[in-house]
Amino acid sequence: MSSGDTAWILISAALVMLMTPGLALFYAGMVRKKNVLSTMMMSFAILAVIGVLWVLYGYTLSFGPDKGGFIGGLEWIGLRNVGQEPSSAYATTVPHLAFMMYQGMFAIITVALMTGAVVERIKFSSLLIFSVLWFTLIYCPVAHWVWGSGGWLAKLGALDFAGGTVVHITAGVSAMALALVLGPRKGFTERHPMEPANIPMVALGAALLWFGWFGFNAGSALSSGGLAANAFVATNTAACSAAITWMSLGWIHRRPSLLGVATGAVVGLVAITPAAGFVNPLAAIPIGAVAAAISFYVMMWRTKQKVDESLDVWACHGMGGTWGALATGIFASAAVNAAGTDGLVYGSAALLAKQAAAVGVVWIVAFAGTWVIAKAVNAVVGLRVKEEEEVVGLDISQHGERAYGGL
Amino acid sequence: MSSGDTAWILISAALVMLMTPGLALFYAGMVRKKNVLSTMMMSFAILAVIGVLWVLYGYTLSFGPDKGGFIGGLEWIGLRNVGQEPSSAYATTVPHLAFMMYQGMFAIITVALMTGAVVERIKFSSLLIFSVLWFTLIYCPVAHWVWGSGGWLAKLGALDFAGGTVVHITAGVSAMALALVLGPRKGFTERHPMEPANIPMVALGAALLWFGWFGFNAGSALSSGGLAANAFVATNTAACSAAITWMSLGWIHRRPSLLGVATGAVVGLVAITPAAGFVNPLAAIPIGAVAAAISFYVMMWRTKQKVDESLDVWACHGMGGTWGALATGIFASAAVNAAGTDGLVYGSAALLAKQAAAVGVVWIVAFAGTWVIAKAVNAVVGLRVKEEEEVVGLDISQHGERAYGGL
Amino acid sequence: MSSGDTAWILISAALVMLMTPGLALFYAGMVRKKNVLSTMMMSFAILAVIGVLWVLYGYTLSFGPDKGGFIGGLEWIGLRNVGQEPSSAYATTVPHLAFMMYQGMFAIITVALMTGAVVERIKFSSLLIFSVLWFTLIYCPVAHWVWGSGGWLAKLGALDFAGGTVVHITAGVSAMALALVLGPRKGFTERHPMEPANIPMVALGAALLWFGWFGFNAGSALSSGGLAANAFVATNTAACSAAITWMSLGWIHRRPSLLGVATGAVVGLVAITPAAGFVNPLAAIPIGAVAAAISFYVMMWRTKQKVDESLDVWACHGMGGTWGALATGIFASAAVNAAGTDGLVYGSAALLAKQAAAVGVVWIVAFAGTWVIAKAVNAVVGLRVKEEEEVVGLDISQHGERAYGGL
Amino acid sequence: MKKVEAIIREEKLEPVRAALEGIGVYGMTVAEVSGRGREKGIPLQWRSGEYRVEFLPKVKIEVVVLDEDLSRTLNAIVTKARTGERGDGKVFVIPVEHAVRVRTGDRDDNAV
Amino acid sequence: MKKVEAIIREEKLEPVRAALEGIGVYGMTVAEVSGRGREKGIPLQWRSGEYRVEFLPKVKIEVVVLDEDLSRTLNAIVTKARTGERGDGKVFVIPVEHAVRVRTGDRDDNAV
Amino acid sequence: MKKVEAIIREEKLEPVRAALEGIGVYGMTVAEVSGRGREKGIPLQWRSGEYRVEFLPKVKIEVVVLDEDLSRTLNAIVTKARTGERGDGKVFVIPVEHAVRVRTGDRDDNAV
Ligand SMILES: Nc1ncnc2c1ncn2[C@@H]1O[C@H](COP(=O)(O)OP(=O)(O)O)[C@@H](O)[C@H]1O
Ligand SMILES: Nc1ncnc2c1ncn2[C@@H]1O[C@H](COP(=O)(O)OP(=O)(O)O)[C@@H](O)[C@H]1O
Ligand SMILES: Nc1ncnc2c1ncn2[C@@H]1O[C@H](COP(=O)(O)OP(=O)(O)O)[C@@H](O)[C@H]1O
């Protein structure tokens with residue numbers, strides 16, 4: 001066991017934990033004033049609920065001893081056999097408990113990410129039910145396939161350093177499916193302006209996400225050495241590159257905006273996630289820039305449709321994660337990480353094909369699985385609040401609170 | 001000396017430092033708009049003042065060479081003999097200065113915690129005088145009893161991993177005594193509504209507290225290994241469990257609220273504090289849940305009394321810390337930490353008795369000591385602002401500022 | 001390579017990164033509501049732009065193999081030869097990439113610091129152009145002189161632990177030159193009140209700065225041991241001491257204010273920056289206190305002049321950094337850091353003379369260089385927005401956004 | 001000219017605005033206000049328990065109209081702002097003696 | 001009917017509300033405003049030194065009352081809002097020609 | 001007495017205030033409001049693309065003046081608030097029947 005590696009994983013776990021409140025701020029600043037608390041509440045409640053479910057059964061389903069490549073066994077249920085000593089399967093220089101918790105923070109934020117699609121109209125109780133089902137039926141299996149030892153996508157040779165597929169594609173694609181089942185906000189189709197309540201809050205949220213993402217990506221080296229440093233540099237560089245790109249695209253169209261810089265940075269962070277520990281840090285510049293361009297125009301296209309995937313989880317995380325996974329197939333270099341392999345620019349197309357396959361599988365599973373779960377929840381308890389409740393705002397109608405005190 | 005352990009303690013100290021501004025936000029969001037700055041100012045000023053007093057004399061009184069089990073000697077006054085090498089008495093793998101500073105952050109936040117009881121009416125100058133006296137006469141001795149090498153409560157065998165007794169019981173019980181001496185806010189007895197100014201600010205504060213608490217509890221392992229990981233997992237799990245519980249109780253009574261989730265998380269963090277490094281991580285689930293239930297109903301009861309312990313430091317920290325200390329006696333396991341011992345569920349009642357004794361002693365000392373100090377300060381300089389000042393708000397009357405600029 | 005040291009440098013780099021968003025909040029809370037986003041945007045955009053330029057050419061200019069003491073060579077351009085292994089010249093126990101990134105965060109915040117001087121009236125495009133030029137022509141050379149191996153100021157024997165000269169004097173003095181070229185805000189000369197929009201935001205920003213500064217100063221030990229602990233303690237103590245001093249000066253003149261405590265803390269952190277790893281932690285008390293007093297009265301004097309260096313980057317960072325550099329010459333002790341030497345209070349005036357020389361050189365270079373760059377940018381593209389744009393506010397006119405959504 | 005001051009529910013601003021636009025009334029000024037009346041406040045959640053807020057958020061619309069447009073305007077507002085629950089609000093009509101358009105200096109009926 | 005517009009200190013809202021309730025006046029609308037007058041602004045702390053804010057926060061209460069309730073209403077407000085210091089505020093009385101209760105369509109005296 | 005209600009651009013508050021001070025009108029009450037009229041809203045940036053906000057921020061100044069000061073007051077406001085672009089705003093004059101100074105109880109012309 002290494003005390004340096006352990007310190008790094010523990011602080012990385014703390015950093016990833018902070019991302020969920022960061023996300024709460026990032027999202028809440030973009031909705032209307034009457035839904036600020038409800039938007040924050042979704043992330044906070046998911047943090048609490050998935051935080052407990054993870055130790056109870058999520059970890060063993062995702063990382064427990066492999067059953068046929070598809071799911072982890074129940075040997076580690078309720079943290080049985082997960083102790084202060086390193087596991088033999090994962091992160092062998094840090095306590096097993098530290099690895100377990102670090103992974104738990106990923107599960108939490110993945111579920112929270114989807115809430116951006118459904119703000120301002122989903123019933124809180126139904127969101128919780130949906131989240132628990134989705135976590136159990138989609139997240140845990142997919143995490144096992146990609147990261148569990150013995151997982152079939154891992155065996156295939158698909159690479160995902162810190163969660164481009166597991167976190168961002170699943171969340172982004174599922175967000176779209178869920179939004180389609182749920183339907184648009186009242187007034188959306190008529191293009192009523194829905195002005196963001198608090199852009200400084202969005203920027204603060206983005207800053208906390210960026211800060212936490214160092215734990216997310218560089219922590220995924222699972223040790224504190226050269227690979228972590230490589231991932232750290234790639235992470236920061238991608239965020240910067242994508243932020244500049246988004247700002248410039250906004251400028252070309254009209255004005256450079258803070259909302260754009262914040263969004264661009266997040267998209268860059270998404271895209272570098274699967275690649276950070278497999279590519280040269282400088283590859284982060286094109287990876288970030290292309291990600292921002294893709295998301296920017298996909299978001300513009302989405303906005304023109306009748307589809308109210310409200311805060312563009314699909315455009316940012318789904319598309320950013322997809323591009324990042326493919327970009328890993330393009331830019332990966334075995335010289336950076338011996339556990340990786342050479343990608344397209346180093347002369348081999350095999351990895352790119354595997355990445356595309358993994359992306360395709362996860363798109364389909366996430367979309368179809370989420371559609372079914374969402375339809376089921378809708379049929380049984382209803383996904384939406386009543387129209388009057390939506391009109392009054394979810395802060396009052398769902399939570400009996402309002403964000404800013406009156407006189 | 002271990003560079004991994006040192007990295008862990010230094011970052012933990014930084015995390016605990018961040019808790020005090022986090023607390024400032026947590027509290028300030030719950031008061032009325034006219035007192036937001038004054039509420040933040042209390043925490044920031046205490047951070048500055050205790051930060052200096054700690055290096056001057058607080059550390060040596062608390063941790064200096066023992067004098068009869070009751071107080072530390074002055075051998076380490078002004079950081080004399082506290083250097084870059086490890087001490088022989090504490091945290092022997094990290095620089096003595098690092099241990100000293102880490103402990104200092106605990107002293108700061110303990111004093112700041114009490115301010116929640118007295119917001120919106122205490123005179124700023126008197127609060128500072130009270131804080132200095134309380135820190136010197138209550139905090140330093142109690143810290144020595146429990147954590148100082150040779151301290152009499154430590155020798156008794158009472159366990160307090162990260163400050164359930166030293167931090168939370170002292171602060172929570174003292175807060176009640178101080179509030180009783182100070183008296184209620186104008187309008188409190190008539191039940192004037194006092195709407196929280198800014199609930200997103202409360203949630204952000206709670207998030208920073210949660211984040212910082214990883215340093216508080218897992219840092220208290222004083223090294224970066226399995227025990228730190230154990231404490232880390234227990235900490236997160238307790239926060240989640242308590243947040244769910246509080247949210248559910250609110251829901252049963254009427255609605256699940258963000259204020260409730262934030263409060264529940266903090267109460268869970270309080271309760272796991274003394275236990276985090278002595279109990280199995282899964283024990284955090286009942287510990288958190290019971291803590292939330294206790295605090296919830298105690299708070300409801302307190303609100304119905306004529307007692308204006310305004311932000312419920314007593315209900316959250318006093319009761320949460322008390323339950324946590326007793327729960328340590330119930331759930332502790334020598335298998336988790338050889339420095340601990342088995343608690344009630346592992347067949348031994350001795351620890352629980354010791355925990356109860358320590359709790360009783362600290363309740364009495366904190367309550368009586370604070371009462372005397374508060375009465376003395378009140379007699380000499382007066383604790384309250386003038387009625388007009390209270391009516392206008394403390395931001396203007398005490399600090400000549402207002403939170404949000406006008407036109 | 002040490003995993004403990006690497007963990008410490010990586011987390012320190014993350015902490016320093018967080019300072020730039022912290023600065024964005026700190027500054028944005030102090031401007032009028034109509035310029036809140038534009039003020040934040042400056043820091044965020046600089047983070048993105050300098051973040052990319054640093055890996056492309058900034059690092060090699062600053063730290064690349066020395067060319068005559070004046071500049072780094074291009075051997076490390078685009079991170080060539082900067083890999084996962086430690087460099088032989090700097091921080092030999094951590095990956096070269098980690099050291100590179102850590103230094104990059106310093107470059108970013110230095111450029112961002114200057115924006116405080118020019119808020120509410122500078123054209124966004126011109127600010128970016130100025131920033132890129134300034135970074136290339138002023139920051140990189142000065143960083144090389146002081147910190148590059150072979151840099152001529154380093155060879156002279158001037159000490160700068162974490163950037164008193166490189167970061168704070170360059171930023172503070174340049175801010176003044178830039179403000180003089182740019183001219184005052186409309187209404188400034190007529191003393192129109194310009195009320196800060198959001199003081200809680202200022203306090204939150206100061207808290208994040210303080211938190212991040214542990215990475216800035218204690219990280220500058222470049223390893224995680226006694227020296228880092230020494231710097232950590234000195235840092236915290238200086239912040240506390242300066243905050244108390246500023247609060248007290250405000251009180252003597254009228255009232256103790258939160259804005260004052262926040263400003264004082266930042267000034268204390270500035271002043272201890274060059275000294276933190278060379279002085280005894282207790283020396284931080286006078287260093288912080290004197291810094292606060294100097295900045296307080298310089299700021300008061302500046303406000304009375306017709307000079308609109310709007311958020312007093314010069315008074316806080318320029319003067320704070322100058323005092324800190326001189327204080328290093330006064331309080332340094334070879335016993336604290338063998339790489340340092342004894343200062344005035346330990347009987348030798350030589351260091352103080354060298355410090356004064358370095359300060360003088362950097363003042364002149366920063367002021368003159370910035371003046372020339374600013375005049376050039378002004379001549380070619382114009383530095384100021386149009387008068388109507390200034391009157392409407394930069395959020396709308398430069399960025400097409402407003403901070404807080406309407407009805 | 002008359003000034004119509006309508007104090008209505010926040011969420012009715014949009015339908016009222018649209019209805020006024022429908023009858024050719026574009027110009028208006030809106031403020032966020034708080035009101036109380038027969039509606040009995042609203043219970044909000046505290047950390048545990050709840051409390052009652054007396055003043056509820058409303059919006060106040062001010063529209064100055066020519067005398068001949070008055071009844072149409074009143075009608076449009078009252079119809080669109082109604083839910084039938086307590087708290088729907090009030091409309092008041094106040095005499096206006098003069099009006100000036102700042103941009104042009106146009107006076108009275110030409111200024112509305 | 002008359003509209004009473006009272007611009008008073010923020011902290012006097014509560015006593016005024018209570019006094020009006022005491023004389024049977026429940027309905028009212030309140031807005032946060034800023035005012036200046038003989039009161040000479042307020043000095044606020046800057047980082048070092050201070051500056052003066054000209055416009056001070058006030059609340060504006062609007063109550064529409066029947067003519068016969070006017071003098072009682074004025075009385076209640078003036079008595080409760082007074083501190084005797086500059087800045088206590090002003091009360092203005094403005095004629096109201098019509099009133100409508102949105103919920104029911106009740107008109108004029110029945111609508112107040 | 002008349003109440004002058006001027007809805008103007010936010011950035012014109014300061015010049016208007018100064019001009020009123022110049023003609024001896026000190027007392028006034030100001031509120032932040034939103035307005036729409038011939039001005040066609042403002043386009044704001046969204047993350048990608050943009051959207052249009054209909055209601056634009058304005059300030060509403062309320063000044064109660066003696067009848068003899070009315071035209072000077074109107075003049076000062078209209079002159080100083082004008083930019084010549086759409087959205088400059090409107091000024092309305094409303095009759096005031098009574099006024100009371102809270103501090104002293106002074107009535108009507110003495111209260112302004
Ligand atoms: N007499 C009044 N003067 C001014 N505003 C009033 C008056 N009565 C009611 N209001 C405003 O109208 C709103 C709705 O009034 P309320 O009595 O609650 O509903 P309803 O008219 O449907 O019975 C109040 O919140 C308040 O803003
Ligand atoms: N002529 C006026 N028109 C509109 N509002 C006024 C007028 N005079 C005063 N006010 C309002 O009344 C408030 C108090 O007035 P002020 O002159 O300061 O106090 P006092 O009436 O006690 O001398 C002001 O802040 C302003 O909001
Ligand atoms: N009829 C009206 N009643 C009330 N307020 C109005 C009316 N017309 C305009 N306003 C206010 O005046 C502002 C400016 O009006 P607008 O028509 O945009 O400009 P202009 O008068 O220069 O053509 C609007 O934003 C609104 O606040």
Side-chain angles (χ1 to χ4, degrees), chain B residues 1-11 13-15 17-18 20-22 24-25 28 36-38 40-41 44-45 47-52 55-56 78-79 82-85 94-98 100-101 104-105 124-125 198 201 204 208 224 395 398-407, chain C residues 2-8 11-12 15 32-33 93 194-200 203-204 206-208 210-212 214-215 218 223-230 232-233 236-237 239-244 247 250-251 254-262 264-265 280-282 284-285 288 336:
Chain B
M1 193 148 64
S2 151
S3 73
D5 291 352
T6 302
W8 181 236
I9 292 309
L10 290 179
I11 187 61
L15 288 170
M17 178 267 150
L18 187 62
T20 297
L25 296 166
V36 165
L37 295 183
S38 117
M40 298 187 77
M41 180 71 169
F44 276 82
L47 167 54
V49 170
I50 306 298
V52 167
V55 299
L56 289 179
L79 302 186
V82 180
Q84 299 188 18
E85 292 307 305
V94 307
H96 195 176
L97 278 168
M100 180 284 301
M101 193 75 266
M105 299 307 184
F124 180 64
S125 55
N198 195 326
M201 191 187 265
L204 172 58
L208 294 182
S224 136
D395 291 5
Q398 299 291 295
H399 307 293
E401 295 180 296
R402 52 186 192 185
Y404 306 105
L407 283 157
Chain C
S2 152
S3 73
D5 291 352
T6 302
W8 180 237
I11 187 63
S12 290
L15 288 170
R32 285 166 292 174
K33 204 164 72 180
T93 60
M194 299 184 177
E195 199 179 354
N198 195 327
I199 296 181
L204 172 58
L208 294 181
W210 189 327
F211 178 59
F214 291 126
S223 70
S224 136
L227 186 61
N230 190 94
F232 192 109
V233 176
N236 195 65
T237 306
C240 294
S241 158
I244 296 173
M247 178 176 89
W251 213 333
R254 212 180 109 91
R255 288 262 193 293
S257 74
L258 181 57
L259 211 46
V261 167
N280 223 286
L282 229 57
I285 295 178
V336 168

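These numbers come from the heavy atoms of this one structure, side chains and all, not from hydrogens, waters or symmetry mates. Naming: A, B, ... by sequence-line order, numbering from 1 per chain.
Taking a cutoff of 4.0 Å between a charged side-chain nitrogen and a carboxylate oxygen, C:E195 and B:R402 qualify as a salt bridge.
Between chain B and the options C:A242, C:G225, C:G288, C:P200, heavy-atom pairs under 4.5 Å are most frequent for C:P200. Heavy-atom pairs under 4.5 Å with chain C were tallied for B:V55, B:I50, B:L25; the largest tally goes to B:V55. Between chain B and the options C:L259, C:I244, C:I11, C:L15, heavy-atom pairs under 4.5 Å are most frequent for C:I244. Between chain B and the options C:S257, C:A229, C:A243, heavy-atom pairs under 4.5 Å are most frequent for C:S257. Among B:G104, B:A7, B:G4, the residue with the largest count of heavy-atom pairs under 4.5 Å with chain C is B:A7. By number of non-hydrogen pairs under 4.5 angstrom with chain C, the leading residue of B:A48, B:A24, B:S38, B:G83 is B:A48. Per-residue counts of heavy-atom pairs under 4.5 Å with chain B were compared for C:L204, C:T237, C:N236; the largest is that of C:N236. Between chain B and the options C:A197, C:G250, C:C240, the largest number of non-hydrogen pairs under 4.5 Å is found for C:C240.
Residues B:M101 and B:L10 have side chains not in contact (no heavy-atom distance under 4.5 Å, counting atoms from C-beta outward). Using a 4.5 Å heavy-atom threshold, the side chains of B:M41 and B:D395 count as separate.
In this structure a side-chain-to-backbone donor-acceptor pair under 3.5 Å is missing from B:E401 to B:L37. No donor-acceptor pair closer than 3.5 Å links the side chain of C:N198 to the backbone N or O of B:Y404. In this structure, the side chain of B:H399 engages the main chain of C:P256 through a donor-acceptor pair within 3.5 Å. Remark: the backbone N or O of C:A218 is paired with a side-chain donor or acceptor of C:W8 at under 3.5 angstrom.
Heavy atoms of C:S2 lying under 4.5 Å from chain B belong exclusively to its side chain. When heavy atoms are compared at a cutoff of 4.5 Å, B:V36 approaches chain C solely by way of its side chain, counted from C-beta outward. Proximity to chain C is absent for every atom of B:I9, based on heavy atoms less than 4.5 angstrom apart. There is no contact between B:T20 and chain C, counting heavy-atom distances below 4.5 Å. Residue B:E85 does not touch chain C at all, counting heavy-atom pairs closer than 4.5 Å. Neither the backbone nor the side chain of C:A284 comes within contact range of chain B; no heavy atom of the residue lies under 4.5 Å from a heavy atom of that chain. Looking at B:A28, there are no atoms closer than 4.5 Å to chain C (heavy atoms on both sides), in backbone or side chain. Of the atoms belonging to C:V261, it is side-chain heavy atoms, and not backbone ones, that fall under 4.5 Å from chain B.
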Could you walk me through whether B:L97 and B:L79 pass the side-chain contact (heavy atoms from CB on, under 4.5 Å) check?
-> CA-CA 8 Å; B:L97 278 168; B:L79 302 186; 4.1 Å; yes

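Inspection of the C:T93 and C:S223 side chains reveals no N or O donor paired with an N or O acceptor under 3.5 Å.
When ring centroids are compared, B:F44 and C:W210 stay outside the 6.0 Å threshold.
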